[in-house]
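This report concerns only the one structure given below.
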Amino acid sequence: MKSIGSYPNLRMRRNRKADWSRRLVQENNLSTNDLVWPIFIAEGRNIKEPIKTMPGVYRHSLDKIEKLIESAIKIKIPMVALFPHTPLNKKNKNGTEALNKNNLVCKALSIIKKNYKNIGVMCDVALDPYTSHGHDGVLSKNYVDNDKTVKILVKQSLLLAEMGCDVIAPSDMMDGRIGEIRTALDKKGYQMVQILAYAVKYASNFYGPFRDAVGSQKLLKTDKKNYQMDFKNSKESLREVALDIKEGADFVMVKPGMPYLDIIKLIKDNFKIPVFAYQVSGEYSLIKNGIDKKILSEEAIYESLISFKRAGANAIVTYFADQIAKKLK
Ligand code: PBG
């Protein structure tokens, strides 16, 4: 006897026959609540400077910050991420501008935190926007010195917390920094400041446009392979995440995004902690160029973001956040 559970009785296309039916059986969804919007800030006044390698993304001066934050709140983006374009004359080999309480990020933080309650602000902890060599830490004999760097990152984190940062996001990939930062934050009374650990960050070829945006691309003479992960590895990501959870991370990041959906799923299947995905600058520019050249339809953005949700991401850092949030609303 022919089983009823096979063709022609069974037809997978039946559930796809109409929009209402497809909506009924959809397994994943994207909402504005899933989005983190990175904002690049620059010195000067009345500046909205295009970034050549990231069409549609700009560096904004501080007098534009309030407008940007208001637009983010209006479209219900829960959190923004601040990245500074530090002028060359403020960069040096130890990245000391990172510890200046009048630096761009600190100023932006105080503007935002004075005026707006209903939006989170996340800040990267790493020295690359501030160093004259573009590395995320300080060098000893051309090698990024882990323990010396961690000491500075702790100071950077405390300063950011003092200025009102909600989520400290170490993106530097030094060993042991999550624990050191957590301990220091707690000791100074910042128990409620969250830590988003860039736990799984690969030495990727997709970061180029970001480095252009923060002005480190031309300064960087060597790769970051002795601190960021080797993209040939996946099991190593489990160890990285386990360590950062033990050290006190509140959420973990996987970065880049689309070429690493397998890693997002691996982490999600093995841990209970919220997982963030970063659709990085190179991914943004590829998709954006495809759309601008009419090779892709704009729907490709939505499809790319849903892929993160399907893999198990709880939230996505994406340069498309404002554009897609407007559409979702
Ligand atoms: C640096 C940092 C990088 C990114 C975020 N923080 C670049 C790097 O590690 O060289 C990349 C983000 C992107 O490409 O969108 N600590």
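Note that the structure is predicted; figures quoted are calculated from it, not measured. The residues of the chain are indexed from 1 along the displayed sequence. When a ligand or atom number is given, it counts from 1 through the structure's own listing order.
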### Set of ring pair (Phe, Tyr, Trp, His ring centres under 6.0 Å) partners for Y130, sequence neighbours left out
none
### Message
Is there a side-chain contact between V200 and M229 in this structure, where contact means two heavy atoms from C-beta onward sitting under 4.5 Å apart?
### Response
yes
### Query
Tell me the salt bridge (charged side-chain N to carboxylate O under 4.0 Å, His left out) pairs involving residues 237-252, sequence neighbours left out?
R177-D244, R182-D250
### Task
Enumerate the protein residues lying less than 4.0 Å from ligand 1, judged by heavy-atom distances, in chain and residue-number order.
D124, A126, D128, D136, S171, K201, F206, Y207, F210, R211, K224, Q228, K255, Y278, V280, S281, Y319
### Query
Is the distance between the ring centroids of Y202 and F231 less than 6.0 Å?
no
### Message
Going by ring pair (Phe, Tyr, Trp, His ring centres under 6.0 Å), name the residues that satisfy it together with F83, two or more places apart in sequence or in a different chain.
### Response
F40, F210
#### Entry: Lys NZ or Arg CZ of K201 over Y207 ring: under 6.0 Å, within 45°
yes
